Each structure stands twice: as structure tokens, then as C-alpha cells.
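First up is the structure itself, then whatever we jot down about it.
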There are 2 protein chains.
Amino acid sequence: MHPCDNANMRVLHHPSRRNLDLTAVLHALSDPVRLLIVQRLVSEGAKPCGTFGLPVAKSTASHHFRVLRESGIIRMQPEGTQYINSLRRDDLDACFPGLLESILMAAGPL
Amino acid sequence: MHPCDNANMRVLHHPSRRNLDLTAVLHALSDPVRLLIVQRLVSEGAKPCGTFGLPVAKSTASHHFRVLRESGIIRMQPEGTQYINSLRRDDLDACFPGLLESILMAAGPL
DNA sequence: CCTTTTGTTCGTAATTTATCGAACAATGGA
DNA sequence: TCCATTGTTCGATAAATTACGAACAAAAGG
């Protein structure tokens, strides 16, 4: 069968732009570990989960990436054995103008 | 004794401006009831707890006002038998420029 | 005093959250 | 085919959150 027909591809749910929820986004960013992930994505660009050196276990990190993904803050694209994480800045800015910007400023440098 | 020396006045703890914590503020605003309280304070000005008509029990409302107060988002001033709630907009804008503004915009009209 | 008003505090219960280790699954390379 | 890498999922636990009603406390006014 054609590669694109493969239903076994690791596909994760990402909310569409118009389904982003403000309280879900605020809640996602109210955790220090998740806020750190977002800051690192801003300063270092898209990168896989394993390259963040987070101060939590692998399974806990997986949980935090999922919360960020399901709130629409990040995108997770399968790439070989890993997932490339990137900020959904366009979608966030479209739904909540200035929000991410002000939070990043308030969070201060890395 | 002088009225101002009275230690029995209902005094509540309010964090100072320089002790405001971003994650605490985001967490406080990530609850729909608390976000509603803040929206109402913006559109209707300072007012007592009992005038919000919140969809929760009195004790639950008290809890939400406390979370808002302890995160530095609102001020609660004793006034007779009630507390006058007001937004600490100056302090919020000083610590987190643009944050409240963007959240209020994203939250939409009342 | 006694009562009313306003809001807090207490005790409890249900839900969610953050955390971990162990086991599992998918990919890609030797 | 086997193995190493990457990250998810499962099961368990401890803590935090939201919620309620009942009881309490302070203030104002009769």
C-alpha cells in the first residue's frame, strides 16, 4: 500500500486553531516545567523531547508535552524515532494576540 | 486606644508588588469562575463579594476570592461587614506588562 | 443586647494533577 | 533479525483543587 495510507503512523491529536481555549492555555503555562519548555522552544527553536534536560522523569516529561500539545501551544511532529516539538506561535497569536509575547516577557530570560 | 492600633481588624495578606509570581497569576486566571470575577471587576469597578451572583456556593466563592488575592490580582479592603474587591491593575501592569490586557481581550466581552 | 448582613473557616468528598518506575511500541541502523 | 533510541502508556501514589453545607466571627443597627 501507499505510505500515506499507513494507518499505523503515530498520529497525535492537535486542536485546531479555532478550538483553542484560553483557560486551557493559561493552565498549561501555569506550570514551571511547561513554561520552561516553551521558553526553550522560543530561544532554541524546534527540537525533540529528549533534548531539554528537564528535571523530571521521562514519563513525567511526556505528560507535560502532552498538556502543551492538547492545549494547542505546541506541535509534535513524528520524525524517525522522535517527535519534533515546535511552538504554534501563529495560532496562538491569532487567537490570543499579545498573550504569548507578554508571558514570555514576564517570564524573563531563560 | 487609637482606632489604628486595633489589632483585631480583619487584615488579609496581600503579596507586595515585587513578590508577584507569574505562574501563580496564570494559575489563578486559568479558572473560569475567577476569570469571570476579574472581567466583572474590569467592567463594573470595585465591588463586594456578594454582588457577583457567582454560580457557586458562598464558601466556594470565598475560596476563589482568596486565590485571586493571594496571587496579587485583587485587593480586598474591609468596609463595614463586607470586603470591597478591586483589581490591582497598576501592580500587574508593572510586573507583567500587557499580560492582563491580552488576557482580557482574549476572554472576550463579559 | 439581639439580629441581620457579609464573608471566613472547618470538615468532608470527588476530581484532577504531578510524579515515578516498569513495561510497551515504533523507528532505524548494525 | 537483533538491538539501541525515543517516547508513550500503564499502574500507583501523594498532593492540590474544587465543591458543598454548617458553624463561626465581625460589623452595623435596631
Side-chain angles (χ1 to χ4, degrees), chain A residues 3-14 21 23-37 40-41 46-71 73-86, chain B residues 3-14 21 23-37 40-41 46-71 73-86:
Chain A
C4 294
D5 294 351
N6 190 346
N8 278 352
M9 283 192 61
R10 289 169 299 166
V11 62
L12 300 135
H13 178 66
H14 291 76
D21 176 54
T23 57
V25 167
L26 294 178
H27 174 253
L29 295 176
S30 73
D31 179 274
V33 173
R34 292 191 292 259
L35 186 55
L36 176 60
I37 291 173
R40 301 282 301 278
L41 283 179
K47 47 188 286 198
C49 305
T51 65
F52 286 82
L54 298 174
V56 293
K58 195 168 52 160
S59 54
T60 302
S62 182
H63 160 70
H64 286 306
F65 281 104
R66 173 156 60 159
V67 172
L68 288 171
R69 172 174 53 78
E70 290 181 339
S71 66
I73 295 174
I74 67 171
R75 193 183 349 259
M76 298 179 72
Q77 298 166 293
E79 194 85 18
T81 72
Q82 50 196 16
Y83 285 99
I84 305 298
N85 302 282
S86 58
Chain B
C4 293
D5 294 350
N6 189 345
N8 278 350
M9 284 192 62
R10 289 169 300 164
V11 63
L12 300 140
H13 177 66
H14 291 76
D21 176 55
T23 58
V25 168
L26 294 178
H27 173 254
L29 295 176
S30 72
D31 179 274
V33 173
R34 293 192 291 259
L35 187 54
L36 176 60
I37 292 174
R40 300 282 300 280
L41 284 177
K47 48 189 280 192
C49 305
T51 65
F52 286 83
L54 298 174
V56 292
K58 195 168 52 161
S59 54
T60 303
S62 182
H63 158 71
H64 286 306
F65 281 105
R66 173 156 59 159
V67 172
L68 287 171
R69 172 176 51 79
E70 291 182 338
S71 66
I73 295 174
I74 68 171
R75 190 181 354 256
M76 298 178 73
Q77 297 166 293
E79 195 84 18
T81 72
Q82 49 196 16
Y83 285 98
I84 306 296
N85 302 283
S86 57

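Fair warning: this is a prediction, and the values are worked out from it, not measured in the lab. A note on names: the letters A, B, ... follow the listed sequences, proteins ahead of strands, and every chain is numbered from 1.
- Here the C1' atom of nucleotide C/dT6 and the CG atom of B/N85 are 12 Å apart, to the nearest Å.
- Ranked by how close their nearest DNA chain D nucleotide is to the 5' end, B/D31 and A/P48 are led by A/P48.
- For A/L54, the side chain to side chain contact (heavy atoms under 4.5 Å, CB included) criterion is met by A/V33, A/L36, A/I37, A/F52, A/V56, A/A61, A/F65, not counting sequence neighbours.
- Looking at A/R34 and A/L29, their side chains never come closer than 4.5 Å, going by heavy atoms from C-beta outward.
- For the pair A/L29 CG and C/dT17 P, the computed distance is 15 Å after rounding to whole Å.
- At least one side-chain heavy atom of B/R75 sits under 4.5 Å from a side-chain heavy atom of B/H14.
- Taking only side-chain atoms of A/H27, from C-beta outward, the nucleotide of D/dC20, C/dT17, C/dC20 with the closest atom is C/dT17.
- Residues A/D31 and A/H64 form a side-chain contact, since some pair of their non-hydrogen atoms from C-beta on lies under 4.5 Å apart.
- The interatomic distance linking B/Q77 (CD) with C/dT6 (P) rounds to 18 Å, in whole Å.
- For A/R34 and C/dA18, the shortest distance from a side-chain N or O to OP1 or OP2 is below 4.0 Å.
- Atom CD of A/E79 and atom C1' of C/dA26 are 14 Å apart (whole Å).
- For residues 47-68 of chain A, the salt bridge (Lys or Arg N to Asp or Glu O under 4.0 Å) pairs, not counting sequence neighbours, are A/E44-A/K47.
- Counting to the nearest Å, the C1' atom of D/dT8 and the NE2 atom of A/H13 are 17 Å from each other.
- Comparing D/dT17, C/dT17, D/dT8 by their nearest atom to the side chain of A/Y83 picks out D/dT8.
- Between the P atom of C/dA26 and the CG atom of A/L12 lies a distance of 13 Å, rounded to the nearest Å.
- As rounded to whole Å, 13 Å separates atom C1' of C/dT27 from atom CD1 of A/I84.
- Residues from residues 58-69 of chain B placing a heavy atom under 4.0 Å of any atom in DNA chain C, listed by number, are B/K58, B/S59, B/S62.
- Atoms CE (B/M76) and P (D/dA26) sit 16 Å apart, rounded to a whole Å.
- Among all heavy-atom pairs drawn from B/L68 and B/S71, the shortest one is O-OG, 3.1 Å.
- Side-chain contact between A/L41 and A/S86 is absent, with no heavy-atom pair separated by less than 4.5 Å.
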